[in-house]
Amino acid sequence: MPAGLCWPAAAALALLFLALLLALCRHLWALRWSLSRDRTSALPLPNGSMGWPFFGETLHWLLQGSRFHSSRRERYGNVFKTHLLGRPVVRVTGAENIRKILLGEHTLVSAQWPQSTQILLGSHTLLGSTGDLHRQRRKILARVFCRAALESYLPRIQKVVSWELRGWCMQPGSIAVYSSAKTLTFRIAARILLGLRLEEKQFKDLAKTFEQLVENLFSLPLNVPFSGLRKGIKARDMLHEFMERAIQEKLQRAMSEEHSDALDFIINSAKEHGKEFTMQELKESAIELIFAAFFTTASASTSLILLLLKHPSAIEKIRQELASHELYPQHQNCPMAPCPGAGRDSEQQLLTTASDAHEDQSQPSEPIEETELGGGCSPHLPALLNPPSSTQPWGCCCPPDISLEQLSRLRYLDCVVKEVLRLLPPVSGGYRTALQTFELDGYQIPKGWSVMYSIRDTHETAAIYQSPPGGFDPDRFNVTQPEAASRFHYIPFGGGARSCIGKELAQAILKLLAIELVTTARWELATPTFPTMQTVPIVHPVDGLQLYFHPLQPSHGSEA
């Protein structure tokens with residue numbers, strides 16, 4: 001009996017010892033980073049917690065999402081320290097603080113992505129390059145997003161968006177918008193930017209592999225079995241193997257200038273700058289192009305659809321603006337069925353491909369021909385673009401190509417897209433590494449530490465607008481603000497030397513999607529309430545946003 005009584009005491013003693021050991025480890029961990037401060041600077045380190053040894057506060061960050069940063073900002077201020085993904089991090093909010101970081105590229109700071117991201121994306125990317133190499137790569141990639149290139153992409157993007165949306169409207173049940181938006185943006189990136197010729201099964205397999213890569217970009221840098229990094233490396237290797245075959249085939253084909261895609265622009269631009277890309281550089285550039293256009297644009301597309309559903313008055317204002325520019329009538333009476341006289345069955349192939357993204361077919365669909373979407377107009381496509389004859393049923397008027405100049409005239413639509421990106425920016429922030437110790441908001445930022453500037457928190461706390469920053473108000477962007485006063489309060493695409501090089505393309509895709517949505521469809525919530533938004537690693541609804549889509553009836557009145 002006496003021996004038995006010792007077990008509870010021994011267990012309690014063991015637990016006490018373990019608690020003390022953990023407390024000591026955490027104290028030594030905090031002391032380790034406290035001693036890492038730059039002693040040549042009299043300024044203190046920012047307030048904050050470094051969490052637990054090695055793991056830091058990574059688990060808290062992944063579990064709490066946006067609440068992690070907002071709770072610590074409330075406790076410690078606009079500049080605080082933490083430890084995420086294996087590195088000490090200073091989290092920064094506020095336009096003035098962010099101005100110093102973004103304009104200090106290559107001098108105060110340099111781009112810094114988590115180690116897992118660097119491993120998975122590679123060393124030959126714009127994201128991973130620094131200094132002169134970054135400037136050179138940016139010059140080469142600028143050709144991909146110049147005005148002439150965007151004009152060449154726009155008609156093909158419009159066709160993909162139009163047919164994908166018709167596929168959504170043909171679904172008898174609800175669809176998960178975020179998943180469908182990823183299908184849409186991946187199709188744009190793979191076919192129009194890279195010119196890949198894919199059968200539908202290949203397309204789905206490639207999209208699934210790419211999603212696995214992106215889902216593990218922000219993982220602990222542990223290359224062990226079943227880890228996120230190991231899964232990402234497997235996906236990366238599969239993508240590189242596919243890309244190498246596709247690029248080799250592409251280089252062997254004679255591609256005319258008018259049919260160039262983004263990868264052609266990269267190859268030609270590199271030659272003009274006296275550089276010949278290796279196969280490894282081309283593979284990594286191809287993956288980076290998809291990465292840049294895939295998840296972020298899918299996130300923004302989902303947020304656009306969600307916020308328009310919540311604010312139907314914005315839909316009506318967009319329709320009125322389109323009507324004033326004679327763009328709404330052409331769309332309004334276009335049915336969800338293929339237009340008569342469009343030539344051959346190419347449009348049915350397109351429609352099958354769009355709907356196939358949402359349901360499995362017993363037989364694989366026919367692949368979309370390269371001339372239909374990836375390499376300019378085919379001889380059969382003009383019938384889709386020309387006004388129909390009076391003998392066509394339903395009074396169908398298929399949409400004409402919309403140019404960049406026409407998009408630029410749609411002022412209210414531009415405000416809507418800006419407001420969506422302000423309220424729900426796809427990426428919550430950006431990483432940098434301090435090249436030297438510098439001061440920020442009265443604290444020292446030690447050389448070698450990571451700096452993570454917050455886009456979302458800065459948008460949420462901006463005090464430059466006439467209406468509260470927490471509400472949806474596109475008209476806030478109709479008020480002229482001095483550029484110097486507003487420049488770093490609104491940063492959905494970052495800023496400075498590393499501002500998003502594809503921002504014009506992303507905004508054009510969102511505008512084309514909005515136009516197709518409000519002129520051909522109506523949509524409603526398939527769940528009792530609106531979903532909450534998850535912010536790590538990218539903004540999206542937790543349930544994918546379940547909606548019903550319906551075609552607008554062919555009438556001359558608008559539908560809410």
Peer 1: Looking at Y453, does the NZ or CZ of R432 lie under 6.0 angstrom from its six-membered ring centre and within 45 degrees of the ring axis?
Peer 2: no

Peer 1: What's the separation between atom CD1 in I402 and atom CD in Q158, rounded to the nearest 0.5 Å?
Peer 2: 4.5 Å

Peer 1: Just checking, is any N or O donor in the side chain of S129 or R137 under 3.5 Å from an acceptor N or O on the other one?
Peer 2: no

Peer 1: Once rounded to the nearest 0.5 Å, what's the spacing between atom CD1 of I287 and atom CG of L120?
Peer 2: 11.0 Å

Peer 1: L517 and side-chain contact (heavy atoms from CB on, under 4.5 Å): which partner among L165, I318, V161, L512?
Peer 2: L165

Peer 1: Side-chain contact test, heavy atoms from C-beta onward, threshold under 4.5 Å: evaluate it for F291 versus T125 and give yes or no.
Peer 2: no

Peer 1: Give the intermediate values and the outcome of side chain to side chain contact (heavy atoms under 4.5 Å, CB included) for residues Y431 and R87.
Peer 2: CA-CA 11 Å; Y431 282 96; R87 291 184 61 86; over 6 Å; no

Peer 1: Does this structure show an ion pair linking K204 with E200, if we count only N-O contacts that are shorter than 4.0 Å?
Peer 2: no

Peer 1: With the side chain counted from C-beta on, respond yes when R156 and R191 share a heavy-atom pair under 4.5 Å apart, and no when they do not.
Peer 2: no

Peer 1: R236 side chain to I119 main-chain N or O, any donor-acceptor pair under 3.5 Å?
Peer 2: yes

Peer 1: Would you check if the side chain of S174 reaches a backbone N or O of A526 as a donor-acceptor pair within less than 3.5 Å?
Peer 2: no

Peer 1: For the side chain of T185 and the backbone of K182, is there at least one donor-acceptor N/O pair under 3.5 Å apart?
Peer 2: yes

Peer 1: Can you tell me how far CG of L206 sits from NZ of K201, rounded to the nearest 0.5 angstrom?
Peer 2: 11.5 Å

Peer 1: Quick check: does any side chain N or O of S454 sit under 3.5 Å from a backbone N or O of G429, one acting as donor and the other as acceptor?
Peer 2: no

Peer 1: Please assess R138 against S499 for the test side chain to side chain donor-acceptor pair (under 3.5 Å), listing each intermediate value before the final yes or no.
Peer 2: CA-CA 10 Å; R138 192 173 177 93; S499 61; 3.2 Å; yes

Peer 1: Output, in order, the C-alpha distance, side-chain angles, deciding distance and verdict of side chain to side chain contact (heavy atoms under 4.5 Å, CB included) for L196 and M243.
Peer 2: CA-CA 9 Å; L196 298 180; M243 287 298 172; 4.0 Å; yes

Peer 1: Do side-chain atoms of E105 reach the backbone of A111 as a donor and acceptor pair under 3.5 angstrom?
Peer 2: yes

Peer 1: Which distance, rounded to the nearest 0.5 Å, do you find between the CD of E516 and the NZ of K159?
Peer 2: 10.5 Å

Peer 1: Please determine if K310 forms a cation-pi arrangement with F472, meaning its NZ or CZ atom is less than 6.0 Å from the six-membered ring centre and no more than 45° off the ring axis.
Peer 2: no

Peer 1: Donor-acceptor pair, S116 side chain versus L217 backbone, under 3.5 Å?
Peer 2: yes

Peer 1: Taking all heavy atoms of I491 and all of H459, pick out the closest pair and write down the distance.
Peer 2: N-NE2, 2.9 Å

Peer 1: Side chains of S110 and R498: is there a donor and an acceptor less than 3.5 Å apart?
Peer 2: no

Peer 1: Which heavy-atom pair separates A506 from F493 by the least distance, and what is that distance?
Peer 2: CB-CE2, 4.2 Å

Peer 1: Just one of E284, Q280, E288 clears the side-chain hydrogen bond (donor to acceptor under 3.5 Å, both in side chains) bar with H124, so which one?
Peer 2: E284

Peer 1: For W523 and L545, run side chain to side chain contact (heavy atoms under 4.5 Å, CB included): C-alpha distance rounded to whole Å, both residues' side-chain angles, the deciding distance at 0.1 Å, then the answer.
Peer 2: CA-CA 11 Å; W523 56 105; L545 187 58; over 6 Å; no

Peer 1: Any idea which heavy atoms bring A235 and L213 closest together, and the distance?
Peer 2: CB-N, 3.7 Å

Peer 1: May I ask you to decide if the ring planes of Y178 and H540 are parallel, tilted or perpendicular, using 30° and 60° as cut-offs?
Peer 2: parallel

Peer 1: Considering all heavy atoms of both residues, which atom of L222 and which atom of S227 are nearest to each other, and what is their separation?
Peer 2: O-OG, 2.7 Å

Peer 1: Do K503 and F145 make a side-chain contact, defined as non-hydrogen atoms from C-beta onward lying under 4.5 Å apart?
Peer 2: no

Peer 1: For the residue pair Q546 and I175, establish whether any side-chain heavy-atom pair is separated by less than 4.5 Å.
Peer 2: no

Peer 1: Quick one: are R409 and Q406 in side-chain contact, heavy atoms under 4.5 Å?
Peer 2: yes

Peer 1: Using modelled atom types and a 3.5 Å cut-off, is there a donor and acceptor pairing between side-chain atoms of S219 and backbone atoms of N216?
Peer 2: yes

Peer 1: Check this for me: does any side-chain nitrogen of one of R422 and E419 sit under 4.0 Å from a carboxylate oxygen of the other?
Peer 2: yes

Peer 1: Going from CG on L309 to CD1 on I315, what distance comes out if it is rounded to the nearest 0.5 angstrom?
Peer 2: 7.0 Å

Peer 1: With a 4.5 Å limit on heavy-atom distance, are the side chains of V144 and I266 in contact?
Peer 2: yes

Peer 1: Is the backbone N or O of Q202 less than 3.5 Å from a side-chain atom of D205, with the two atoms forming a donor-acceptor pair by type?
Peer 2: no

Peer 1: Might you point out which heavy atoms bring L229 and N223 nearest each other, and give the distance in Å?
Peer 2: CD2-N, 3.8 Å

Peer 1: Does a sphere of radius 6.0 Å around CE in M238 hold more than 12 heavy atoms from other residues, nucleotides or ligands, not counting ones at 6.0 Å or beyond?
Peer 2: no

Peer 1: With no hydrogens and no angle check, is any side-chain donor or acceptor of Y153 less than 3.5 Å from a backbone partner on L505?
Peer 2: no

Peer 1: Report yes if the side chains of K283 and M279 come closer than 4.5 Å at any heavy-atom pair, otherwise no.
Peer 2: yes

Peer 1: Does L127 form a side chain to side chain contact (heavy atoms under 4.5 Å, CB included) with T117? I'd like the steps, not just the answer.
Peer 2: CA-CA 10 Å; L127 292 174; T117 307; 5.9 Å; no

Peer 1: Out of curiosity, Q507 CD to L150 CG, how far, rounded to the nearest 0.5 Å?
Peer 2: 11.0 Å

Peer 1: For E321 and R411, indicate whether the former's side chain and the latter's backbone hold a donor-acceptor pair under 3.5 Å.
Peer 2: yes

Peer 1: Between A521 and C169, which heavy-atom pair has the shortest distance, and what is it?
Peer 2: CB-SG, 3.7 Å

Peer 1: Could you check whether the rings of F210 and F186 sit parallel, tilted or perpendicular, using 30° and 60° as the cut-offs?
Peer 2: tilted

